[in-house]
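Some notes on the structure that comes next.
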There are 2 protein chains.
Amino acid sequence: MTISADESAGTREQILVAAYHALEKHGYADLTIGRIGEEFDKSTSLIYHHFDGKDDLLLACLEFMLDQFAGTTAHSDHTDPKSDLESFIEQVLSIEGDAQQYQLMGSLVELRLQSTHNNGYRAHFDRSDLVIQNALAETVTAGIENGVFKQCDPDAVAATIHTLLIGSSVRLVTTGGDGWKTSVRDEMFAYLADRVYA
Amino acid sequence: MTISADESAGTREQILVAAYHALEKHGYADLTIGRIGEEFDKSTSLIYHHFDGKDDLLLACLEFMLDQFAGTTAHSDHTDPKSDLESFIEQVLSIEGDAQQYQLMGSLVELRLQSTHNNGYRAHFDRSDLVIQNALAETVTAGIENGVFKQCDPDAVAATIHTLLIGSSVRLVTTGGDGWKTSVRDEMFAYLADRVYA
DNA sequence: CTGTACTGATTGAACGTTCAATCAACAACG
DNA sequence: CGTTGTTGATTGAACGTTCAATCAGTACAG
């Protein structure tokens, strides 16, 4: 999932991509309008011609990323729900390898925390959680219909996995050790084996 | 767990308590040295006489809080490990009721996120995770020895619960809906019933 | 007299945002 | 065809605010 914008893209989209790259490079805490401006070839103040301000831009950038995610994840064929589930989990837990994705994950958690003060962000992450959880629940439902999974509550399983992955993301980007990681993975798979897999 | 400092306390501790209350009141994002100064009766600039700076003060405040936590939690008699475990979980999941504790939980997540840029914070939360996980693991171990719990890996169970609670904390302070909460609670207890309870 | 605790004023930097001015494209009109 | 008016994109400079940190000076204890 690489994001780029050639010169043909509209200015507004160029700015969105610039914000994305600035997030990758600096994280949210060190993100300034100036640094976003450095990531594209026009003037920094032009941003205010296309967006109401910093928050407006970042919110649009989040929507941009979520659409990107929804586009790639949605409409899986659901041939192998078990591997869909496990590779989704693995993708989160093994993100340390890619430095950019790792930084981006940190930025996303930082942005999520802004929901505390800002209702716009809160609305976004409410929707974001819904999208991700529904994708997970759909996978579980498909597995039940395939007979690969036993009867269970797909939404509850999805909510639990998602919450566990949020916790894992936070620990990944904020703590040093990784002894917890294999433990959590093992227990999560044991939970799935007990409660979900047929 | 109420924190206060009467006039007899040393100035350094008064400042720590002031920082704690400022965190409760404003959250980390809106926390300034000035606002910490408002929370105690001496001059704001006095802070720099007792601490190297903002980061130094907040780190000391975190240590202060962790010691407080370790003091109250440690040395439980472990008579009823099952209820110890469940009330710990419930305490996190039901924090919305207490506005101050809720704000503080948000602040703690915000502070945790600083580990991304700041090694001092990272070291603290490494230790903090260790303390909490060890407390949980001790409870599980006690349960196994009591015969209330079946044979399992106490550290792995502790890591999983702790990660799930971190994720829950983040969702609690950052999202609106709470449909996920009862789902997660139910699945978590089902996980415990399958993997831990005898 | 010496050092420690403490204070109020001040500094300097960073940052989001605004704004007047310029430029390029294009349509209308005589 | 050439002039003029209009609109949106773009720029660089500047403003106002916030905030962490510093500093010179005062009070007081030993």
Side-chain angles (χ1 to χ4, degrees), chain A residues 5-62 107 110-111 113-121, chain B residues 5-62 107 110-111 113-121:
Chain A
D6 50 23
E7 65 274 8
S8 72
T11 302
R12 194 187 149 90
E13 185 161 339
Q14 275 182 33
I15 295 174
L16 286 175
V17 173
Y20 176 90
H21 284 138
L23 273 178
E24 267 183 344
K25 206 177 276 185
H26 307 287
Y28 173 75
D30 294 332
L31 187 70
T32 67
I33 292 283
R35 285 200 239 272
I36 296 173
E38 287 171 5
E39 294 294 319
F40 77 123
D41 50 358
K42 302 184 185 167
S43 168
T44 299
S45 55
L46 179 58
I47 291 170
Y48 289 95
H49 189 71
H50 294 275
F51 298 91
D52 287 344
K54 197 186 181 187
D55 280 346
D56 183 44
L57 166 56
L58 289 180
L59 212 44
C61 186
L62 281 173
S107 302
E110 284 182 284
L111 281 163
L113 258 288
Q114 302 308 308
S115 310
T116 314
H117 326 295
N118 184 314
N119 285 326
Y121 287 111
Chain B
D6 50 22
E7 66 275 5
S8 73
T11 302
R12 194 186 149 91
E13 184 161 338
Q14 276 182 31
I15 295 174
L16 287 175
V17 173
Y20 175 91
H21 283 138
L23 272 178
E24 265 184 345
K25 206 176 275 182
H26 306 287
Y28 174 74
D30 294 331
L31 187 71
T32 67
I33 292 284
R35 286 200 238 273
I36 296 172
E38 287 171 5
E39 295 295 320
F40 76 122
D41 50 357
K42 302 185 185 167
S43 169
T44 298
S45 54
L46 179 58
I47 292 169
Y48 290 97
H49 189 71
H50 293 275
F51 297 92
D52 287 343
K54 198 186 181 187
D55 281 345
D56 183 43
L57 166 56
L58 288 180
L59 212 43
C61 185
L62 282 173
S107 303
E110 285 182 282
L111 281 162
L113 257 289
Q114 302 308 308
S115 309
T116 314
H117 327 295
N118 185 314
N119 285 326
Y121 287 110

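It should be emphasised that the depicted structure is a prediction, and the values quoted were computed from it without experimental measurement. Chain identifiers are assigned alphabetically (A, B, ...) following the order of the sequence lines, protein sequences preceding nucleic acid strands; residue numbering begins at 1 within each chain.
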Starting from the C-alpha separation in whole Å, work towards a yes-or-no answer on side chain to side chain contact (heavy atoms under 4.5 Å, CB included) for B:Thr44 and B:Ile36.
-> CA-CA 7 Å; B:Thr44 298; B:Ile36 296 172; over 6 Å; no
Using the C1' atoms of five pairs at each end, what's the angle between the two axes of the helix from C:dC1-D:dG30 to C:dG30-D:dC1, to 10 degrees?
->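 Between the first-five-pair axis and the last-five-pair axis there is 20°.
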Would you classify [X] as touching base, sugar-phosphate or nothing, given that sugar-phosphate means primed atoms plus P, OP1 and OP2, and contacts are heavy atoms under 4.0 Å?
X       : result
A:Ile36 : nothing
A:Arg35 : sugar-phosphate
A:Thr32 : sugar-phosphate

With sequence neighbours excluded, tell me which residues meet salt bridge (charged side-chain N to carboxylate O under 4.0 Å, His left out) with B:Lys25.
->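 Partners of B:Lys25 under the salt bridge (charged side-chain N to carboxylate O under 4.0 Å, His left out) test: B:Glu39.
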Name all residues meeting the salt bridge (charged side-chain N to carboxylate O under 4.0 Å, His left out) criterion together with B:Glu110; count only those two or more places apart in sequence or in a different chain, and write none if there are none.
-> none
Among residues 46-59 of chain B, which residues get a heavy atom nearer than 4.0 Å to DNA chain C?
->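 The answer is B:Leu46, B:His49, B:His50.
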Is it true that atom CG of B:Asp52 has more than 12 heavy atoms of other residues, nucleotides or ligands lying nearer than 6.0 Å?
->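 Atom CG in B:Asp52 is not packed in, count stays at 12 or less.
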Can you tell me how far CG of B:Leu113 sits from OH of B:Tyr28, rounded to the nearest 0.5 angstrom?
-> 10.0 Å
By side chain to side chain donor-acceptor pair (under 3.5 Å) - contacts of B:Ser43 (at least two apart) =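 So B:Ser43 forms a side chain to side chain donor-acceptor pair (under 3.5 Å) with B:Ser45.
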Under the side chain to side chain contact (heavy atoms under 4.5 Å, CB included) criterion, do B:Tyr121 and B:Leu62 qualify, and how do the steps go?
-> CA-CA 9 Å; B:Tyr121 287 110; B:Leu62 282 173; 3.7 Å; yes
Between B:Ser45 and C:dC6, does any side-chain N or O lie under 4.0 Å from OP1 or OP2?
->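 The answer is no; no side-chain N or O of B:Ser45 sits under 4.0 Å from OP1 or OP2.
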Start and end of the DNA chain D segment that chain B contacts, any atom under 4.0 Å from a heavy atom | D:dC19 to D:dT22
Worked check of side chain to side chain contact (heavy atoms under 4.5 Å, CB included) between B:Leu46 and B:Phe51 = CA-CA 9 Å; B:Leu46 179 58; B:Phe51 297 92; over 6 Å; no
For B:Ile47, does its backbone N or O pair with a side-chain atom of B:Lys42 as donor and acceptor, under 3.5 Å?
->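 Not confirmed, B:Lys42 side chain does not pair with B:Ile47 backbone.
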Checking B:Arg35 side chain against B:Ala22 main chain: does a donor-acceptor pair fall under 3.5 Å?
->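 No; judged by distance alone, with no hydrogens or angles, the pair does not exist.
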